[in-house]
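Let me begin by presenting the structure, written as C-alpha cells, before commenting on it.
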Amino acid sequence: MFFHIVLERNIQLHPRHFGRSLRDNIVSKLMKDVEGTCSGRHGFVVAITGIEEIGKGLIRDGTGFVTFPVKYQCVVFRPFKGEILEAVVSMVNKMGFFAEAGPVQIFVSNHLIPDDMEFQSGDMPNYTTSDGSVKIQKDSEVRLKIIGTRVDATEIFCIGTIKDDFLGVINDPSAT
C-alpha cells in the first residue's frame, strides 16, 4: 500500500555548499540520502514530493559542518498482511519461488502454490500444471496475496500465496 506522509530528518552539509543555492543543495542531499531507503516503521521511501520546512542550521563543533532539520512530504510503500499484489517472479526452485513487487521481495512456498502445479527442474526451472496450460517461471507476472510480513530496521520481508481465488499467473513470458 502507498501512503503520503510527513517525515523529518537532519541533513549535514559542508560549508562549501553554502551560498545562493543552499536550499537546492539541502533538497538534493535529502533526496540522495532518503529516496530508495527503507525504514521498518514507515516502509520504503519511493519519492519526496515536497519540502515543508527547513529549520535553522546548527554548526557542529570542530568540523564546520552544519546540521539542518528538514520536514518533508514523501510517498512510502508498505506491504500489509492480506494485501493483493502483482509481482514479477525473480527465482524458481523446488522450495517455491521469489517474486518482486517494486522494492519488496516476496517468497511463495511450494505449500502455498496450488496442488495441481508440479516443480519441473532443468535449464529453466518452473511450476507447471499437469495439462501444461499454466507455467510459473522466471519473469512470469503473478498476482499473489501477502499472508505474512517481517519488519526489520532496514528491510521488510514477505510471505505470499497464490492458492486462492483469482490469484496466480497473469502474464507468462513463454506463451508469447
Side-chain angles (χ1 to χ4, degrees), residues 1-93 95-109 112 125 136-162 170-171 173:
M1 187 73 67
F2 292 95
F3 299 99
H4 192 244
I5 61 173
V6 176
L7 294 174
E8 291 183 38
R9 186 174 181 109
N10 290 328
I11 298 296
Q12 277 197 358
L13 216 55
H14 191 275
R16 72 171 164 256
H17 299 292
F18 298 172
R20 289 186 187 161
S21 60
L22 176 63
R23 180 180 169 82
D24 294 337
N25 289 334
I26 292 172
V27 171
S28 66
K29 179 135 173 50
L30 177 72
M31 287 182 169
K32 189 179 88 176
D33 291 352
V34 172
E35 286 183 347
T37 62
C38 175
S39 83
R41 183 171 180 204
H42 301 291
F44 295 91
V45 178
V46 177
I48 294 173
T49 57
I51 305 296
E52 286 197 354
E53 179 186 353
I54 299 177
K56 294 192 183 298
L58 182 68
I59 299 172
R60 309 303 306 167
D61 291 336
T63 63
F65 280 81
V66 177
T67 303
F68 294 92
V70 181
K71 189 184 267 189
Y72 59 96
Q73 300 170 357
C74 61
V75 174
V76 294
F77 173 65
R78 172 100 193 254
F80 287 99
K81 184 177 176 180
E83 187 173 353
I84 307 291
L85 291 176
E86 293 182 1
V88 177
V89 175
S90 57
M91 188 176 87
V92 179
N93 61 34
M95 302 299 286
F97 66 86
F98 287 92
E100 295 174 350
V104 176
Q105 191 169 49
I106 303 154
F107 177 69
V108 179
S109 166
L112 300 169
I136 297 173
Q137 63 185 17
K138 188 178 188 314
D139 297 327
S140 294
E141 293 176 23
V142 293
R143 181 173 295 124
L144 50 83
K145 180 179 183 179
I146 295 176
I147 58 170
T149 60
R150 189 180 92 217
V151 179
D152 285 349
T154 58
E155 209 167 356
I156 300 174
F157 303 97
C158 295
I159 303 291
T161 182
I162 58 170
I170 27 179
N171 187 13

Tell me, do [X] and [Y] make a side-chain contact under 4.5 Å, heavy atoms counted?
X	Y	answer
Val45	Cys38	no
Arg23	Ile51	yes
Leu13	Leu22	yes
Phe80	Ile146	no
Ile136	Val108	no
Pro79	Ile156	yes

For a quick test of reading the model, state the closest non-hydrogen atom pair linking [X] to [Y] and the distance between them.
X	Y	result
Gly40	Val151	O-CG1, 3.1 Å
Cys74	Thr49	N-OG1, 3.9 Å
Leu85	Ala101	CD1-CB, 4.0 Å
His17	Asn25	O-ND2, 2.7 Å
Tyr72	Arg9	CE2-CB, 3.9 Å
Gly57	Val66	CA-CG1, 3.5 Å

His14 and Phe65 aromatic ring geometry - parallel, tilted or perpendicular at 30°/60° bounds: perpendicular
Aromatic ring pairing Phe18/Phe68, orientation class (parallel under 30°, perpendicular over 60°, tilted between): perpendicular
Just how far is it from atom [atom1] of [X] to atom [atom2] of [Y], taken to the nearest 0.5 Å?
X	Y	atom1	atom2	answer
Leu112	Lys145	CG	NZ	11.5 Å
Ile84	Leu144	CD1	CG	8.0 Å
Leu30	Leu7	CG	CG	9.5 Å
Ile147	Thr161	CD1	OG1	5.5 Å
Phe44	Thr154	CZ	OG1	9.0 Å
Asp33	Asn10	CG	CG	11.5 Å

CD1/Ile59: more than 12 non-hydrogen atoms of other groups inside 6.0 Å: no
Flag if over 12 foreign heavy atoms under 6.0 Å of CE, Met91: yes
Pair listing, salt bridge (charged side-chain N to carboxylate O under 4.0 Å, His left out) test, anchored in residues 71-89, at least two apart: Glu86-Arg143
Residue pairs fulfilling salt bridge (charged side-chain N to carboxylate O under 4.0 Å, His left out) with at least one residue in residues 49-64, sequence neighbours excluded: none
Under 3.5 Å donor-acceptor, Ser109 side chain and Gly96 backbone: no
N/O donor-acceptor pair under 3.5 Å between Ser39 side chain and His42 backbone: yes
With Asp139 via side-chain hydrogen bond (donor to acceptor under 3.5 Å, both in side chains) - residues at least two apart: none
Full working for side-chain contact (heavy atoms from CB on, under 4.5 Å) between Gln137 and Val89: CA-CA 7 Å; Gln137 63 185 17; Val89 175; over 6 Å; no
Gln12 vs Thr67, side-chain contact (heavy atoms from CB on, under 4.5 Å): CA-CA, chis, key distance, verdict: CA-CA 4 Å; Gln12 277 197 358; Thr67 303; 3.4 Å; yes
